[in-house]
Every structure is written in structure tokens, then in C-alpha cells.
**Student:** 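Please find one structure pasted underneath; my questions will follow.
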Number of protein chains: 2
Amino acid sequence: MKKPSVPQGMRDFSPNQMLKRQWLFDSIKKVFIKYGFLPLETPTMENLDSLTGKYGDEGDQLLFRVLNSGDFLKDVKKKDAQKKVEELDYKEITTKVSKRGLRYDLTVPFARYVVQHQSEITFPFRRFQIQPVWRADRPQKGRYREFYQCDADVVGSDSLINEAELLQMADEVFQKLNLKVTIKLNSRKILQGLSEVVGFPEKMTEITVAIDKLDKIGWEGVEKELTERELSETAISKIQEFIEFMTHKNTTFNQEKLEYLKSFFSGNAAGEAGIIELEQVQQFLQGIPFVNNLEIDPTLARGLGYYTGCIYEIKADEAEMGSIGGGGRYDDLTGIFGLKGHSGVGISFGIERIYDVLEELALFPKDVSESTKVIFLAFDESARIWSLPFVRRLRDRNIATEVYTENKNIKKQFDYANKRNIPFCVIVGENEMKTGQLAVKNMIEGSQEMMSIDELIEKFS
Amino acid sequence: MKKPSVPQGMRDFSPNQMLKRQWLFDSIKKVFIKYGFLPLETPTMENLDSLTGKYGDEGDQLLFRVLNSGDFLKDVKKKDAQKKVEELDYKEITTKVSKRGLRYDLTVPFARYVVQHQSEITFPFRRFQIQPVWRADRPQKGRYREFYQCDADVVGSDSLINEAELLQMADEVFQKLNLKVTIKLNSRKILQGLSEVVGFPEKMTEITVAIDKLDKIGWEGVEKELTERELSETAISKIQEFIEFMTHKNTTFNQEKLEYLKSFFSGNAAGEAGIIELEQVQQFLQGIPFVNNLEIDPTLARGLGYYTGCIYEIKADEAEMGSIGGGGRYDDLTGIFGLKGHSGVGISFGIERIYDVLEELALFPKDVSESTKVIFLAFDESARIWSLPFVRRLRDRNIATEVYTENKNIKKQFDYANKRNIPFCVIVGENEMKTGQLAVKNMIEGSQEMMSIDELIEKFS
């Protein structure tokens with residue numbers, strides 16, 4: 001029989017990974033809850049008409065589609081019964097054989113949820129959601145077809161206090177994870193203003209996409225791309241001047257840069273609005289302690305996206321890894337489902353990447369993988385049975401405890417305790433049963449002491 | 001635009017439901033961890049060859065299949081290019097258009113995991129798993145196409161200490177949930193012995209299935225079914241005598257019933273082995289306090305299943321609901337994937353049903369739906385901005401706190417706090433800013449008091 005396996009691009013999470021993942025997820029969740037965000041879960045499957053057209057053509061092709069139950073060919077036969085199989089176009093009949101697809105991200109299902117349940121929801125609605133999503137991407141190192149996303153969003157509030165809170169949340173999350181990061185902040189309105197000031201308002205997307213690659217391809221690359229997008233030389237050199245001023249010497253945003261921005265965008269409504277947004281967020285953060293770097297970066301573009309206001313992005317200071325989080329404001333989150341005028345602002349933590357960074361920098365706390373604290377090892381079955389009520393007494397004090405159940409020699413039992421990372425072994429034999437004094441071995445220090453069961457319970461409580 | 005919806009048989013879990021579900025899941029998880037069980041997650045999709053043939057014909061039809069990515073008709077065209085569409089048989093081409101399916105339960109993926117990762121696993125392997133499963137069942141009240149399962153299993157140990165521990169876990173879980181239950185215990189070997197003693201060893205499954213319905217259809221129904229299965233009158237009346245003795249007066253298992261069992265199965269190896277199993281489990285539970293009823297019930301059959309040893313089932317005492325949990329031992333858990341000789345024993349909590357029972361009996365703790373403890377309401381934007389550092393100070397003391405972000409009148413702000421179940425409102429206006437004394441309203445008692453921010457922090461810490 002062939003050894004079984006999981007589908008390409010998908011993973012089992014072993015107990016050791018799960019303990020770390022749960023610690024990571026719980027750390028983030030606690031911050032969400034502290035900031036008043038509420039948990040939400042949406043189903044794994046959505047109707048395909050909720051999903052298609054939301055992620056561009058490429059996204060549509062990456063959707064996992066679920067075959068209709070029963071006779072999935074029914075609708076095809078109705079229309080194309082006489083056609084030969086070779087004449088069928090798979091793209092055309094996809095919608096006939098499948099009407100459901102797997103969740104591709106958490107944002108679209110959230111927007112769908114808000115529209116569907118608008119009458120029950122108390123706005124502003126602050127929700128967080130930590131669930132897997134699926135993409136039929138070509139699997140490669142670090143890219144999976146099933147992976148978790150972790151989002152917190154506020155819908156139904158225009159207040160920039162939300163942006164200020166989301167930035168604090170990011171700072172607190174990475175403080176808890178003991179991971180030094182830099183959080184960059186900008187407003188899409190700055191980029192809109194830039195495209196207007198240089199005379200190409202209709203090419204805002206192209207300009208944004210090009211600037212977004214600055215880190216990877218340098219100014220030469222950006223210049224080349226802008227030329228290909230048919231921007232004028234004057235426009236390109238104005239963009240170059242803007243970027244150079246904003247990134248010169250170091251990335252610190254100072255009074256000088258603010259003055260430059262103000263004069264650069266003088267008379268341009270979008271640019272001025274963007275500056276006000278950045279100033280407001282700073283005002284709302286007055287007196288709030290930050291552990292990580294928070295930088296204003298007017299060159300931050302944050303990919304395509306649907307953002308219209310503030311945007312932010314998080315990078316680890318000490319690991320070579322792209323963005324490990326980010327988000328922003330989108331003025332019309334629920335418009336795709338027909339509900340206008342509900343502004344949304346959110347943050348997304350790239351938990352799969354964060355996991356990899358924590359692993360790389362060995363930042364998972366050591367005791368995360370210690371789930372069981374104490375195990376009872378016995379020299380024979382009667383000693384094992386004798387110890388059962390004591391195992392229970394420890395558990396009653398909320399101490400995770402096991403009893404080794406097999407008739408194996410004591411060395412094998414210690415092996416089990418070692419492999420399972422259990423820090424304390426209680427060894428029970430004839431002597432221990434007679435005296436009630438138990439031998440307790442500290443597996444980390446290698447030391448051993450004798451104590452009564454009451455002392456044992458006291459020790460761990 | 002049509003209002004969006006979720007696929008039939010699937011559900012959104014609103015924040016209010018999620019808070020309750022998380023409390024329920026976490027309560028169970030804590031017990032699992034205390035007993036040394038480790039978390040595991042397997043992917044949503046499995047290769048179809050891992051799933052098909054494992055759940056019977058009916059199960060195969062209820063599998064959700066995922067359409068292959070890209071040109072899913074490729075393989076069909078290769079073989080049947082010249083066929084007319086109407087000649088295609090959907091069952092025949094299913095395997096060609098889809099090679100992955102959604103998880104149908106947690107047991108088969110667990111068995112697959114154990115076989116695939118056998119060299120990395122430390123046995124006995126105690127794992128728990130709480131994940132959704134999918135079944136293309138006809139949706140009806142209380143039956144969904146996506147629902148969570150919650151399993152704990154031990155693989156690689158024959159010791160009945162495991163059974164004793166799983167029963168304790170069940171008792172502790174329902175103690176924590178404050179739900180009175182009865183846990184029934186039997187061994188499949190008793191039922192095997194019964195079919196042998198009455199002379200129809202080859203009809204053990206039929207006899208088990210019939211007895212399993214005793215609760216629903218009464219003895220008459222069982223008798224009718226046994227007659228249809230062509231058991232002899234003598235055999236049927238012997239089964240009747242057995243059942244009547246075991247269920248007479250009340251369900252308490254006593255010395256008299258034990259004596260009867262021993263004489264009934266005298267000389268029958270399976271029956272005698274079953275009695276020893278039940279006695280051993282009782283021995284391992286000596287001195288262990290139980291809050292709920294634990295009953296031995298030699299008529300407990302627990303459906304078809306693959307069980308070979310002890311079986312158990314849990315029912316709520318005060319709600320009309322079928323089984324809300326159960327499990328048992330299966331001698332050859334991993335055999336379906338070619339790894340012989342790994343005995344497994346597990347318990348499954350029917351968390352969707354338990355949720356419904358807790359809801360029906362109003363057993364969810366009241367503060368489960370209080371996620372945010374304090375909200376700051378402000379008379380104007382300057383008061384709101386003034387309060388932001390105080391909001392942060394509360395959060396720094398781990399108190400879930402919000403600030404109401406909108407420029408609405410104070411009544412609307414209170415409405416929000418009310419709907420969100422937030423127990424304390426801090427009202428900030430000109431006076432509060434001047435004096436530093438904040439008005440704190442207790443939303444449950446309706447009382448209000450003035451205090452400084454330090455007193456406020458003290459109050460909630």
C-alpha cells in the first residue's frame with residue numbers, strides 16, 4: 001500500500017507546530033480583544049457569485065471550486081447534450097458544474113457578511129477573523145495553497161482614531177511576540193496628489209504600482225517602468241525629486257520633510273487631505289508609548305489594493321522577509337455587495353510569515369512546547385494503578401499531567417518523557433507505594449528529590 | 001443588486017455566537033490539555049483516495065469534491081473526446097475532474113497522519129483536534145453541511161487506563177459546562193459474545209444495529225427487525241431475556257446484573273473478555289470522583305462504527321437530544337492506510353449539539369458575551385482626544401476597552417454600549433477634563449460614580 005500524503009501545497013500541523021501556532025494566534029487575539037474587536041467566522045464555502053470578479057482575472061483562476069453534489073453534469077447536458085466532449089470549453093462549463101468556491105481571503109466574506117446582516121449589526125462594527133483561505137497557486141517554498149489569514153477591521157466609521165488604534169495594536173502585537181519591527185504609514189491621497197501634481201491623475205494606479213517596487217528594483221527600475229507607462233520626462237523627474245527628498249539620508253520623517261510635502265502639494269486637494277490625515281493620526285498618538293519604530297513614509301504604496309486613505313505596512317527589522325503585516329482604509333468596503341457609504345479600515349497580520357520569522361530568530365518561548373508538566377512513570381502495573389488517584393489530584397489543581405500507560409522498562413518511559421518535552425517525572429515503585437514519598441525528577445536540570453504527594457501538589461500549584 | 005447569502009446548509013457565526021463557541025471550545029480544550037493531549041490540525045482537503053471507501057457508499061456520495069485547477073476536462077477529453085455529452089456518466093468522470101475532497105470527519109485524516117508521520121511520532125500518541133468537516137447532506141433543522149467536530153484519541157496503547165481517562169475527561173468537560181449528563185459504558189465484546197451465545201455470530205452487526213434502536217423503537221421494533229434479519233425465535237427470546245434483565249427496574253448496574261452477565265457468558269471467550277474490560281475500567285476509576293452518572297449498560301450498541309472494545313455514549317439529563325458525545329476503542333485504527341497493529345481509543349464531543357443544549361438550558365455564563373469591559377463616551381471631539389491616553393492605560397492593565405469614535409449625541413453612544421453588552425461607560429466632557437474626575441456608569445445596575453483615572457484603573461485591575 002502506498003504511503004498516504006496530503007494534497008500539493010497543503011500541510012499537516014504537527015503538535016509541536018500547533019503549540020507554537022496557537023501561542024502566536026492567541027497572542028494576537030488577546031490584543032484584538034483588548035481593543036474591543038469581536039470574533040467572526042464565515043463558512044469555508046461561499047457562493048461563487050460572491051467570489052468571482054472580486055480578485056481580478058488572476059484571482060478568479062486561483063479560486064478552488066467545489067463540484068456540485070449529485071449529478072453535476074445535469075446543466076451541461078441540458079444545454080450541450082449533443083456536443084462532443086472535445087468541443088467543450090472548460091471555462092465555459094465551470095459555472096455549470098460548480099456553484100460554490102472556497103474562501104480566497106477574509107475581506108470579501110466580511111463585506112458579504114456586513115451587507116447580509118446589516119440590520120443586526122451595531123456600527124461601528126469591529127471584528128477580527130482568523131481562518132484559513134485557499135488559493136490554487138503554484139506551490140513553492142513558503143507559499144501554500146491553504147494558509148491562515150488574520151484580519152481586524154472596523155466598518156462604519158470615518159474617524160482616524162481607528163487608524164491610530166490599529167497602529168497601536170500592531171505595535172503591541174509585535175511587542176508581545178518580542179519581534180522588533182518598523183511600521184510605515186502613508187495615505188493613498190498623497191499618491192493620488194502626486195499623480196495629479198505631475199500631471200497624470202489617470203495613471204495613479206500605474207504610478208503607485210511602480211513606486212511600490214522601489215525597494216526591489218531601485219529607482220532605475222521604477223523610472224523604466226514609468227517610461228513604459230508613457231509618463232513624460234518632466235513628470236518622471238518630478239516623481240524622482242519627490243522620492244529622493246522623502247528617502248534622503250535616512251527614512252526619518254522630520255519637520256523639513258513635512259514642509260517639503262506641504263509646499264509640494266500646495267493647492268492640490270488630495271495631497272493636502274493626505275497630509276492632514278497623517279497629521280491627525282500623529283495627533284491621536286500623542287502620549288501613546290510605542291515600542292517599535294513608527295515612520296511616516298510618503299513613498300509607501302502598498303500594491304494594488306482598494307485603499308483610498310491611510311495605508312501602513314510592517315516589516316521585521318532583523319529578518320529578510322517582505323511585509324509581515326499591513327492594511328489601510330477603503331472608503332467603500334461593502335460597495336461590491338451593493339451597500340454604499342460604509343467606510344472600512346483594517347489591519348492584516350501575515351501570520352504564516354510571522355511564524356517563519358519567529359522560528360528563524362528562535363523567538364518562540366521555550367515553554368510553548370511544554371504542554372504536559374508532569375508524568376508518572378511506574379515500575380509495574382500495580383504501581384501504575386496506585387498512582388492514578390494522584391494523577392487526578394494534580395489535574396484537579398490544573399496541572400497538565402500524564403501517566404505512562406505501557407508496560408515498558410523505565411528507560412523507555414524516560415525516553416517518552418524526553419521526546420514529549422515533559423519537564424518533571426514522578427517515578428513510582430514498591431518503595432514509593434510503601435512510604436508515600438515519591439521520587440520527582442527534574443528533566444531539565446537532571447536533579448531528583450523525594451517528596452510526599454501533598455508537597456508535589458504544592459510544588460506545582 | 002441581490003442581497004448576498006451563504007451556501008445552503010452553511011452558517012456565519014456572528015460575534016455573539018463566536019464568543020459562546022470559543023468559550024465552549026476552550027473549556028473542552030483545557031481539559032484535553034490537562035490530560036496530556038496534544039493539538040493537531042490536518043488540511044481541509046485530502047486526496048480523494050484517502051477519503052473514498054472509508055465511509056461506505058453513502059459517505060462517498062456525501063463527500064464534497066474540489067474541481068481540479070486549470071483545464072479540469074483534460075483527462076476526460078483524453079479518453080472520451082468523441083463521446084457525446086449526453087453519454088457521459090457523472091459518477092464515472094468524477095474521479096477525472098476532481099482528485100481532492102473536503103475532510104468528512106477527523107478520524108480518517110488522523111489515521112492518515114499517523115501512518116504518514118509514524119517515524120516522527122512518539123507513541124502512545126495522544127492528540128486532540130477541533131476542526132470543521134463537510135458533508136453534502138440534505139440540510140435540515142440542526143443538520144449542517146459544515147460543522148465542527150471535536151475529537152481526542154490515543155493511538156498505540158492497549159491499556160484500559162486510557163478508557164478510564166477518557167471517561168474522566170467527559171465527566172470534567174460537562175462539569176465545567178455545568179451540564180448534567182449520563183455516561184454509559186459497554187464493550188463491543190459483550191455484543192459479540194451475545195451474538196455468539198444466541199448462535200448467530202455472523203449476524204453481530206445486524207444484532208448491534210437493531211439493539212442500538214431500542215431507545216427509539218422499543219423492544220417490539222427490535223424484535224421485528226431481528227425477525228426480518230432471520231434470527232431464530234430462540235435466539236430472539238434469549239436476546240430479549242438479556243435486554244430485559246439488563247434494563248429492568250432501573251438502569252443501575254449492580255452486583256446482581258454482574259452475576260447474571262458472568263453466568264450468561266460463562267465459557268464464551270468474547271463475553272468474558274468484555275466483562276473483564278468493564279471490571280478493569282471500574283478498577284482504574286477507584287477513588288476518582290465523578291460529578292455525572294457513569295453507568296454500565298450492556299445493551300449500549302453505539303451504531304455501526306468500527307469499534308472492537310469499550311464503547312461509551314453521553315446524553316444530557318435535562319434535554320431532549322440524542323447522543324452529545326461518545327467513542328470507543330478500535331483495534332486497528334491505522335489499518336485502512338496499511339499500518340497494522342496500532343490500537344486506537346477515542347472520544348468525540350458533539351460540540352454543535354452541546355452548543356444547542358447549552359443555549360436551550362441557558363447555561364452559557366452571562367459574562368461570555370461581555371467582551372469589552374469599559375467604553376469611553378465623549379461629549380465632543382476634544383474630550384474624545386483627551387481620553388485616548390487613558391483608554392490606553394486601561395488596556396495596558398489588560399482591560400478590554402473601547403472609545404466610541406463617532407460624533408453622535410450621548411444617547412446614541414449609550415445605545416451602542418448597550419447593544420454591545422459593555423458593562424461600564426466612562427463619560428468625558430468639559431468638566432471631566434477640567435477636574436480629572438470621570439463619571440463611570442455601571443450599565444447593569446444603572447448606578448454612576450465619579451472617580452479619578454487611577455481609581456478607575458484600580459477598580460478594574
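Lettering of chains follows the sequences in order, A, B, ..., and the numbering in each one begins at 1. Predicted model, so just to flag it, every value in this text is computed and none were measured.
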**Student:** For the candidates A:D71, A:V66, A:L73, which exhibits the highest count of non-hydrogen atom pairs separated by less than 4.5 Å from chain B?
**Tutor:** A:D71
**Student:** Taking the side chain as C-beta and beyond, is there a heavy-atom pair between B:P15 and A:F125 under 4.5 Å?
**Tutor:** yes
**Student:** Of all residues at least two apart in sequence or in a different chain, which pass the side-chain contact (heavy atoms from CB on, under 4.5 Å) check with A:N418?
**Tutor:** A:M443
**Student:** Please look at B:I288 and chain A and tell me whether the side chain, the backbone, both or neither of the residue comes under 4.5 angstrom of a heavy atom of that chain.
**Tutor:** side chain
**Student:** With a 4.5 Å cut-off on side-chain heavy atoms, are A:E41 and B:Q22 touching?
**Tutor:** no
**Student:** So which part of B:S69 gets closer than 4.5 Å to some heavy atom of chain A, the side chain, the backbone, both or neither?
**Tutor:** side chain
**Student:** Which atoms form the tightest heavy-atom contact between B:P43 and A:M10, and what is the distance?
**Tutor:** CB-CB, 3.8 Å
**Student:** Non-hydrogen atoms of chain A under 4.5 Å away: do they reach the side chain of B:V31, the backbone, both or neither?
**Tutor:** neither
**Student:** Which bit of B:N407 comes within less than 4.5 Å of chain A, counting heavy atoms only: side chain, backbone, both or neither?
**Tutor:** neither
**Student:** Relative to chain B, which segment of A:V97 carries a heavy atom at a distance below 4.5 Å: side chain, backbone, both, or neither?
**Tutor:** side chain
**Student:** Using non-hydrogen atoms and a 4.5 Å limit, figure out which bit of B:E172 sits close to chain A: side chain, backbone, both or neither.
**Tutor:** side chain
**Student:** Working to the nearest 0.5 angstrom, can you tell me the gap between B:Q8 CD and A:R100 CZ?
**Tutor:** 8.0 Å
**Student:** Do the non-hydrogen side-chain atoms of B:T42 and A:V6 ever get within less than 4.5 Å of each other?
**Tutor:** no
**Student:** So, taking the atom named CZ in A:R65 and the one named CZ in B:F72, what distance separates them when rounded to the nearest 0.5 Å?
**Tutor:** 8.5 Å
**Student:** Tell me, side chain or backbone of B:E381 under 4.5 Å from chain A's heavy atoms, or both, or neither?
**Tutor:** side chain
**Student:** Do B:L285 and A:R392 touch side chain to side chain, with heavy atoms closer than 4.5 Å?
**Tutor:** no
**Student:** Specify which of B:D49, B:T94, B:L102, B:V391 makes the most heavy-atom pairs with chain A at under 4.5 Å.
**Tutor:** B:T94
**Student:** Between CG of B:N421 and CG of A:L38, what distance do you get to the nearest 0.5 Å?
**Tutor:** 10.0 Å
**Student:** Would you indicate whether the side-chain heavy atoms of B:N162 and A:T405 approach each other to under 4.5 Å?
**Tutor:** yes
**Student:** In terms of heavy-atom proximity below 4.5 Å to chain A, should B:S50 be classed as side chain, backbone, both, or neither?
**Tutor:** side chain
**Student:** As an exercise: rank B:D89, B:I375, B:N398 by heavy-atom pairs under 4.5 Å with chain A and give me the winner.
**Tutor:** B:N398
**Student:** As an exercise, state the distance from CG of B:L40 to CG of A:L19, rounded to the nearest 0.5 Å.
**Tutor:** 11.0 Å
**Student:** So for A:K79, is it side chain, backbone, both, or neither that comes closer than 4.5 Å to the heavy atoms of chain B?
**Tutor:** neither
**Student:** In terms of heavy-atom pairs under 4.5 Å, which option from A:E165, A:H117, A:K91, A:Q283 contacts chain B the most?
**Tutor:** A:E165
**Student:** Any idea which of B:S98, B:G101, B:P7 has the most non-hydrogen atom pairs under 4.5 angstrom with chain A?
**Tutor:** B:P7
**Student:** Tell me which of these, A:Q286, A:K34, A:E86, A:M45, has more heavy-atom pairs under 4.5 Å with chain B than the rest.
**Tutor:** A:K34
**Student:** Side chain, backbone, both or neither: which part of B:Q17 has a non-hydrogen atom closer than 4.5 Å to chain A?
**Tutor:** neither
**Student:** Is it true that B:E406 and A:S157 share a donor-acceptor pair across their side chains at a distance under 3.5 Å?
**Tutor:** yes
**Student:** Give, as side chain, backbone, both or neither, the part of A:Q116 having an atom under 4.5 angstrom from any heavy atom of chain B.
**Tutor:** both
**Student:** NZ of B:K77 to NZ of A:K84: how many Å apart, nearest 0.5 Å?
**Tutor:** 13.5 Å
**Student:** Based on non-hydrogen pairs under 4.5 Å, which of A:T122, A:T372, A:N16, A:D80 is most in contact with chain B?
**Tutor:** A:T122
**Student:** Heavy atoms only, distances under 4.5 angstrom: which of A:V403, A:I33, A:T44 has the most pairs with chain B? Name it, please.
**Tutor:** A:T44
**Student:** Sort B:K408 into side chain, backbone, both or neither according to what part of it lies under 4.5 angstrom from a heavy atom of chain A.
**Tutor:** neither
**Student:** Side chain from CB out, backbone as N, CA, C, O: work out which of these in B:R145 comes under 4.5 Å of a heavy atom of chain A, or both, or neither.
**Tutor:** side chain
**Student:** Below 4.5 Å, heavy-atom pairs only: which of B:R420, B:Q61, B:R127 has the largest tally toward chain A?
**Tutor:** B:R420
**Student:** Can you tell which of A:K83, A:K419, A:Q118 has the highest number of heavy-atom pairs within less than 4.5 Å of chain B?
**Tutor:** A:K83
**Student:** Considering only heavy atoms and a distance below 4.5 Å, find which of B:G156, B:A164, B:P289 pairs most often with chain A.
**Tutor:** B:P289
**Student:** What residue pairs, at least two apart or across chains, pass salt bridge (charged side-chain N to carboxylate O under 4.0 Å, His left out) with a residue in residues 6-19 of chain B?
**Tutor:** A:R112-B:D12, B:R11-B:E352
**Student:** Check each atom of A:F37 against the heavy atoms of chain B and say whether the ones under 4.5 Å are side chain, backbone, both or neither.
**Tutor:** neither
**Student:** Compare every heavy atom of B:Y416 with every heavy atom of A:F123, then report the nearest pair and how far apart it is.
**Tutor:** O-CD1, 3.6 Å
**Student:** For the residue pair A:Y404 and B:P124, establish whether any side-chain heavy-atom pair is separated by less than 4.5 Å.
**Tutor:** yes
**Student:** Does any backbone or side-chain atom of A:S14 lie under 4.5 Å from a heavy atom of chain B? Answer side chain, backbone, both or neither.
**Tutor:** both
**Student:** With only heavy atoms counted, which part of A:L160 is less than 4.5 Å from chain B, the side chain, the backbone, both or neither?
**Tutor:** neither
**Student:** Heavy-atom pairs under 4.5 Å with chain A are the metric here; pick the option from B:R126, B:R384, B:K30, B:E120 that has the most.
**Tutor:** B:R126
**Student:** Are any non-hydrogen side-chain atoms of B:S5 and A:N47 less than 4.5 angstrom apart?
**Tutor:** yes
**Student:** Taking the side chain as every heavy atom from C-beta outward, state whether A:V76 and B:Y90 have any pair of such atoms under 4.5 Å apart.
**Tutor:** no
**Student:** Counting only heavy atoms closer than 4.5 Å, note whether B:R393 contacts chain A via side chain, backbone, both or neither.
**Tutor:** neither
**Student:** Between B:I385 and chain A, which part of the residue has a heavy atom less than 4.5 Å away: side chain, backbone, both or neither?
**Tutor:** side chain
